[in-house]
Structures are given as structure tokens and as C-alpha cells.
Amino acid sequence: PISPTSVYRLNPLGETEDDESISPFLSRSSRLFFVRVERRKTAMGTGREASVSLDGVRDKNMMQLKKLNTVLFPVRYNDKYYADAIASGEFTKLAYYSDICVGAIACRLEKKEGGAMKVYIMTLGVLAPYRGIGIGSKLLHHVLDMCTKQNMSEIYLHVQTNNEDAIKFYKKFGFEITDTIQDYYINIEPRDCYVVTKSFAQPEASK
């Protein structure tokens with residue numbers, strides 16, 4: 001498996017990266033999609049007052065998530081990824097800026113031994129022209145709020161060990177490095193990853 005937050009050494013917002021970190025990996029159709037988004041953003045001007053809204057992922061808008069993944073990550077995700085994303089319900093969201101789909105967070109729900117539930121962040125990404133204005137933070141805030149409301153025991157993800165921006169970003173939200181996995185990645189260097197986790201206090205069982 002490949003962690004999308006590590007492939008380009010992006011943090012989930014990509015706040016410190018430019019468009020060139022993405023473009024070499026795009027197919028022609030993906031480049032055209034990206035250019036259309038860039039032109040639309042330019043036409044909007046530099047104003048950042050437009051509202052950001054979140055929407056769930058369903059069969060009818062699944063193609064939006066697939067297009068984003070094609071642009072953002074050099075990985076083709078399989079059917080299980082999308083089935084897990086839909087099954088997670090409120091834990092997978094698309095982000096819209098002025099009605100343009102510009103980012104997404106996709107999660108998988110997992111059951112721990114003993115029955116407690118935890119959340120795995122599969123992907124979190126925002127298109128380059130829309131980074132640095134809090135969209136990634138809004139997506140992550142939403143998922144963390146859902147973790148609290150639904151009594152999740154923890155949330156975690158894998159981050160490449162040299163991805164200092166992503167580690168710093170997640171630490172701002174209370175995540176900690178809880179493990180290191182050697183040779184987690186196959187086609188990228190370094191091949192090691194950190195497991196980055198945030199735990200939630202569980203309600204005491206009724207006596």
C-alpha cells in the first residue's frame with residue numbers, strides 16, 4: 001500500500017508544495033481536468049471569500065472522488081477503496097469551493113479486538129490551486145468531530161518517515177507517532193513509515 005500523503009512529500013493540505021510536484025504524474029486526461037480547475041480558479045480572481053462546503057460520497061457523485069484521486073495521487077485505487085469510502089458514511093467527504101469539487105477525505109472503519117471501532121484515513125488531499133486556505137483542516141476537523149460523536153476509539157494513518165510537513169500538520173490536531181513500520185512502501189524511498197494516531201477517551205460502561 002502507498003500512503004498518498006507521502007508520495008509527493010505533501011502534507012494533506014499541500015500548503016508548502018507547488019503544482020510541479022503533481023504534474024509529472026498526470027495522464028493527458030488528468031492534466032486537462034487540472035487545467036480546467038486552474039482556469040476556473042483564475043477566472044474567480046484572487047478573492048478567498050467563497051464558502052467551503054462538504055458533501056458525502058455516494059454512487060452518483062463517486063466520479064468526483066475518482067477524478068480527484070487521479071489528479072492528486074499516482075496510484076489507481078481499487079474497488080475496495082471506494083466501497084470502504086462509501087461504507088464509512090459521514091467519515092468520507094468531498095470539499096467544494098464555490099461549487100467546485102476541490103478536495104476530499106476518504107476513511108475506512110475498522111473493528112478492534114474487543115469490538116471497539118477505529119478509523120483509518122485512506123486519503124486526504126486538496127487540489128493545488130486551493131491549498132493553504134484551510135480546506136484540508138476543515139475536512140479533518142469534520143472527521144475528528146464524527147469520531148467523538150460516534151465514540152470511535154482512535155483514528156490513524158501511515159505517513160512516510162521523511163514527510164515532516166504531514167507529521168507537523170497532524171500533530172497540530174493531537175496525533176502522535178505511535179509506531180514505525182520498516183519497508184512499508186514498495187516503490188518510493190524512504191520505504192519506512194510512521195503510524196500516526198489520535199486516541200479518544202471512551203465513555204465508561206454503565207455499572
Side-chain angles (χ1 to χ4, degrees), residues 1-7 10-14 54-59 62 65-66 68-69 72-73 75 77-95 103-126 134-186 188 191-207:
I2 295 179
S3 168
T5 55
S6 67
V7 172
L10 297 177
N11 67 28
L13 295 175
L54 305 183
D55 190 22
V57 176
R58 302 171 292 278
D59 287 334
M62 179 62 71
L65 180 58
K66 290 183 176 180
L68 283 171
N69 285 345
L72 291 168
F73 312 122
V75 179
Y77 292 99
N78 57 27
D79 291 340
K80 185 179 185 306
Y81 166 98
Y82 293 101
D84 287 342
I86 289 180
S88 76
E90 286 293 309
F91 290 89
T92 294
K93 288 288 184 180
L94 298 171
I105 187 169
C107 298
R108 179 176 71 231
L109 303 185
E110 302 176 349
K111 184 175 288 188
K112 298 175 64 176
E113 292 183 10
M117 297 297 295
K118 62 181 179 179
V119 178
Y120 176 64
I121 300 176
M122 298 189 292
T123 54
L124 171 54
V126 176
I135 295 174
S137 292
K138 186 178 181 74
L139 287 163
L140 184 55
H141 269 303
H142 169 80
V143 168
L144 294 179
D145 286 344
M146 291 306 303
C147 286
T148 300
K149 291 176 181 177
Q150 297 196 18
N151 295 323
M152 295 293 168
S153 62
E154 67 182 56
I155 183 170
Y156 77 105
L157 71 155
H158 297 102
V159 178
Q160 195 175 15
T161 53
N162 67 340
N163 193 343
E164 297 177 1
D165 290 330
I167 295 166
K168 188 180 301 183
F169 172 78
Y170 282 106
K171 282 186 174 181
K172 289 194 301 185
F173 289 88
F175 286 75
E176 298 178 348
I177 295 172
T178 54
D179 198 5
T180 302
I181 302 177
Q182 306 293 324
D183 296 324
Y184 179 77
Y185 303 110
I186 298 173
I188 57 176
R191 298 175 63 176
D192 303 338
C193 81
Y194 292 129
V195 179
V196 183
T197 306
K198 179 181 175 71
S199 297
F200 300 92
Q202 296 297 291
E204 294 185 7
S206 326
K207 294 185 179 179

Is any side-chain heavy atom of Leu109 closer than 4.5 Å to a side-chain heavy atom of Met117? yes
Apply side-chain contact (heavy atoms from CB on, under 4.5 Å) to Phe169 and Leu140, showing your working. CA-CA 11 Å; Phe169 172 78; Leu140 184 55; 3.7 Å; yes
Side-chain ion pair, Arg108 and Glu110, N-O less than 4.0 Å: yes
cation_pi(Lys198, Tyr156) dist<6.0 Å, angle<=45: no
Value for CG (Asn162) from CD (Glu164), rounded to nearest 0.5 Å, stands at 7.5 Å
Answer with yes or no after comparing the ring centroid distance for His142 and Phe91 against a 6.0 Å cut-off, counting only values under it. no
Going by side-chain contact (heavy atoms from CB on, under 4.5 Å), Ile155 matches just one of Phe175, Tyr120, Tyr170. Which one? Phe175
Steps toward side-chain contact (heavy atoms from CB on, under 4.5 Å) verdict (Asn69, Tyr82): CA-CA 11 Å; Asn69 285 345; Tyr82 293 101; 3.2 Å; yes
Neighbour count >12 (heavy atoms, 6.0 Å) for atom CG, Asp79: no
So Leu144 and Phe200, side-chain contact (heavy atoms from CB on, under 4.5 Å) or not? Walk me through it. CA-CA 10 Å; Leu144 294 179; Phe200 300 92; 4.0 Å; yes
If you define the side chain from C-beta out and look only at heavy atoms, does anything of Lys112 sit under 4.5 Å from Ser153? yes
Going by atom types only, do Tyr194 and His158 share a side-chain donor-acceptor pair under 3.5 Å? no
To the nearest 0.5 angstrom, please state how far the CD1 atom of Ile135 sits from the CD1 atom of Ile105. 13.5 Å
Of all heavy-atom pairs between Leu68 and Ala104, which one has the smallest distance, and what is that distance? CD1-CB, 3.9 Å
CD of Glu154 to SG of Cys147: how many Å apart, nearest 0.5 Å? 10.0 Å
For the backbone of Tyr81 and the side chain of Asn78, can you confirm whether one donor and one acceptor N or O come within less than 3.5 Å of each other? yes
Could you tell me if the side chain of Met62 sits less than 4.5 Å from the side chain of Arg58, heavy atoms only? no
Would you call Asp145 and Lys149 a salt bridge, using N to O less than 4.0 angstrom? no
Sub-4.5 Å side-chain heavy-atom contact between Cys107 and Val143: yes
Is any side-chain heavy atom of Arg191 less than 4.5 Å from a side-chain heavy atom of Tyr184? no
Which distance, rounded to the nearest 0.5 Å, do you find between the CG of Leu157 and the CG of Leu124? 8.5 Å
Apply side-chain contact (heavy atoms from CB on, under 4.5 Å) to the pair Ile181 and Val195, showing each step before the final yes or no. CA-CA 7 Å; Ile181 302 177; Val195 179; 3.7 Å; yes
Which heavy atom of Ala85 sits nearest a heavy atom of Leu65, and at what distance? CB-CD2, 4.5 Å
4.5 Å side-chain heavy-atom contact, Leu54 and Leu94: no
In the structure I gave you, are the side-chain heavy atoms of Thr123 and Tyr77 within less than 4.5 Å of one another anywhere? yes
Taking the side chain as every heavy atom from C-beta outward, state whether Val196 and Glu176 have any atom pair closer than 4.5 Å. no
Between Ser137 and Phe173, which heavy-atom pair has the shortest distance, and what is it? OG-CZ, 3.8 Å
Between Ile167 and Thr161 the two heavy atoms that sit nearest each other are CD1-O, 4.2 Å
